[in-house]
Enquirer: 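I'd like to ask some things about the structure below.
Throughout, protein chains are lettered first and strands after them, A, B, ... in sequence-line order, and every chain is numbered starting at 1.
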Protein chains: 2
Amino acid sequence: MAADPGELVARARDGEHRAVARLISLVENASPQLREVTAALAPHTGHAQIVGLTGSPGVGKSTTTSVLVSELRARGKRVGVLAVDPSSPFSGGALLGDRVRMGDHATDDGVFIRSMATRGHLGGLAWATPQALRVLDAAGCDVVLVETVGVGQSEVDVVGLADTAVVLLAPGMGDGVQAAKAGILEIGDVFVVNKADRDGARQTVRELKNMLTLRDGSDEWSPPVLRTVAARAEGLDGVADAVAEHFAWSERTGALARRRRLRARSEIEAIGLDQVRTRMEGLRGGDALDGLADRVLAGEIDPYAAADELLSRA
Amino acid sequence: MAADPGELVARARDGEHRAVARLISLVENASPQLREVTAALAPHTGHAQIVGLTGSPGVGKSTTTSVLVSELRARGKRVGVLAVDPSSPFSGGALLGDRVRMGDHATDDGVFIRSMATRGHLGGLAWATPQALRVLDAAGCDVVLVETVGVGQSEVDVVGLADTAVVLLAPGMGDGVQAAKAGILEIGDVFVVNKADRDGARQTVRELKNMLTLRDGSDEWSPPVLRTVAARAEGLDGVADAVAEHFAWSERTGALARRRRLRARSEIEAIGLDQVRTRMEGLRGGDALDGLADRVLAGEIDPYAAADELLSRA
């Protein structure tokens, strides 16, 4: 039962939650209507402030997101939340525990929450996330929070391309060196040390500030380091302030326009690559690729020669 | 000063460390000689057992890797180590601390250690890691350990495609739910609870075993859950045994052949995609992409139409 994409977009803009959910499903599953949907969304995008939120597992991302949503709601913002989770039938049950906390907002018409699966083919995150953001943007959200699980390369890329990137840490969860390893120090516009009532919070803040002084000084924005106790809803007003301040600064200095252009470039490229990948995988149901893989394993050809052959047929 | 790739490969096979390092640099930097190098390596690959090692930041991956190398050396194995780190001039100093621990093996002719940078364009990990593995394989390593930092999608993919995947956890570093979130439970062939002398180790082992009973039962291999205290070099003999056992099982049942085929497929695809990406980015020095990005931002065209246009020119 296919709905008209244009009509769905209109209903989403009217604030109808089911229409928003339906649109995200259409883009997430790369439905045949995907192109129509994306085309219908295009004229209505560019309003929302995209805020990325990341940190190591266990720092309290879900709780922080939930309380930050409350804070933004209190400021009259329409809020979207995109929680990027690895898709796993196995871990599905376990994940529910977190999502349940979002239940506070389940009955709020001004909040749109969506968990997204991202496992599967390489580049899935780069490809699907911007499409879902477009839906929430077109639906009239003022702020869209993208919460990513893990600290891998694709996750860092997604958050780094947000208008404002919030990096969460927690005392004892891994010190500054670990954060540096994960590559998240470079991308943060706002740093938050959560669980700030725990031992070691002061040291984590100090370490973090020290490491941040080593950041490339050409950037005019000095990322603040804030403290929160999300489980007691403490300190999130400061985070909301800092996020708003960074956005205003970005708009004023042109940093926003530059980052959005990078985001659009990355999105276009990801779509283009996905199309090439689809063509490559589609060759005789993958037989061609299997045959090439076997010849590489036998040492008959090298993988570059195999890729050449594959591309020449795709 | 270009060396002949064939000669470099011959010298690497003779155990010359500088030749191995040089070859990895050539593949990592996608030098003009990359194709020649890959072709020269092709006939000499397929011997090494590829062992992936992953876990959240802070579980003790570097220490575990170092002690495991000692254990494998004691068993007479020639060992390669590929430590996949996010490249960051900013965090470079911090990373040294870890690498220094590997100093134990610095003077051992039977150990080849290499840190690899992976940040940069999407898919870098999928593209560069197999090339470096080929070098270490062709250089005559019996076992190559690939240690990945972080638990993101690309990292999980790389480790999941190893012949044997070792997943590290630690008590209190994030419980089973966090591991499930990161998607690493599904890919582990051997599980290791490190820092097993800490409080909560028993509970972590129990939780992990419970979660593993939920795994797809069609697989005949039951992943063992082992305990180690890598900082005191305890328990790594058991890990080496389990890794050898899994490899023997894989060889016997055909699981190894299937996984290697998947790995070759993924490698060929990554190379093919990288070539397409290079072509897309090369269009008039990226001007074409910038122009398309601006039109997408203005809502004039949607990103799919932009990708179509880009591909038609690439």
Enquirer: Between B:Gln275 and chain A, with a heavy-atom cut-off of 4.5 Å, which part of the residue counts as in contact: side chain, backbone, both or neither?
Expert: side chain
Enquirer: What part of A:Arg295 lies closer than 4.5 angstrom to a heavy atom of chain B: side chain, backbone, both or neither?
Expert: neither
Enquirer: Return the minimal non-hydrogen interatomic distance between B:Gly272 and A:Leu311, and the atom names on each side.
Expert: O-CD1, 3.6 Å
Enquirer: What part of B:Leu310 gets closer than 4.5 Å to chain A, counting heavy atoms only: side chain, backbone, both or neither?
Expert: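 Only the side chain of B:Leu310 comes within 4.5 Å of chain A.
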Enquirer: Quick one: what part of A:Ile301 sits under 4.5 Å from any heavy atom of chain B, side chain, backbone, both or neither?
Expert: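 Backbone only.
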Enquirer: When heavy-atom pairs shorter than 4.5 Å are enumerated against chain B, which of A:Ala39, A:Ala298, A:Ala305 gives the highest number?
Expert: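 Looking at each of A:Ala39, A:Ala298, A:Ala305 in turn, A:Ala39 comes out on top.
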Enquirer: For B:Glu309, is it the side chain, the backbone, both or neither that has a heavy atom under 4.5 Å from a heavy atom of chain A?
Expert: neither
Enquirer: Would B:Arg35 and A:Asp308 count as a side-chain contact (heavy atoms from CB on, under 4.5 Å) if you check the C-alpha gap in whole Å, the side-chain angles of each, and the deciding distance to 0.1 Å?
Expert: CA-CA 11 Å; B:Arg35 279 163 173 270; A:Asp308 284 345; 2.7 Å; yes
Enquirer: Could you check which of B:Asp294, B:Leu262, B:Thr45 has the highest count of heavy-atom pairs closer than 4.5 Å to chain A?
Expert: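 When all of B:Asp294, B:Leu262, B:Thr45 are compared, B:Asp294 has the most.
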Enquirer: Could you report the tightest heavy-atom contact between B:Ala307 and A:Ile271, atom names first, then the distance?
Expert: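 Shortest heavy-atom contact: CB-CG2, 3.5 Å.
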Enquirer: Quick check on B:Arg263 against chain A: is it the side chain, the backbone, both or neither that has a heavy atom closer than 4.5 Å?
Expert: neither
Enquirer: Out of B:Arg258, B:Arg261, B:Arg260, which one pairs with A:Asp290 under the salt bridge (charged side-chain N to carboxylate O under 4.0 Å, His left out) rule?
Expert: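 The option that passes is B:Arg261.
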Enquirer: Which heavy-atom pair separates B:Met280 from A:Glu269 by the least distance, and what is that distance?
Expert: CE-O, 3.7 Å
Enquirer: If you count the non-hydrogen atoms of other residues, nucleotides and ligands that lie under 6.0 Å from CG in B:Asp199, is the total more than 12?
Expert: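 Counting other residues, nucleotides and ligands, CG of B:Asp199 stays at 12 neighbours or fewer.
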Enquirer: Would you mind telling me which of B:Glu300, B:Arg134, B:His44 has the largest number of heavy-atom pairs within less than 4.5 Å of chain A?
Expert: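 When all of B:Glu300, B:Arg134, B:His44 are compared, B:Arg134 has the most.
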Enquirer: Can you tell me how far apart CD (B:Glu267) and CG (A:Leu292) are? Round to the nearest 0.5 Å.
Expert: 12.0 Å
Enquirer: Could you go step by step and tell me if B:Asp302 and A:Leu41 meet the side-chain contact (heavy atoms from CB on, under 4.5 Å) rule?
Expert: CA-CA 8 Å; B:Asp302 69 78; A:Leu41 294 169; over 6 Å; no
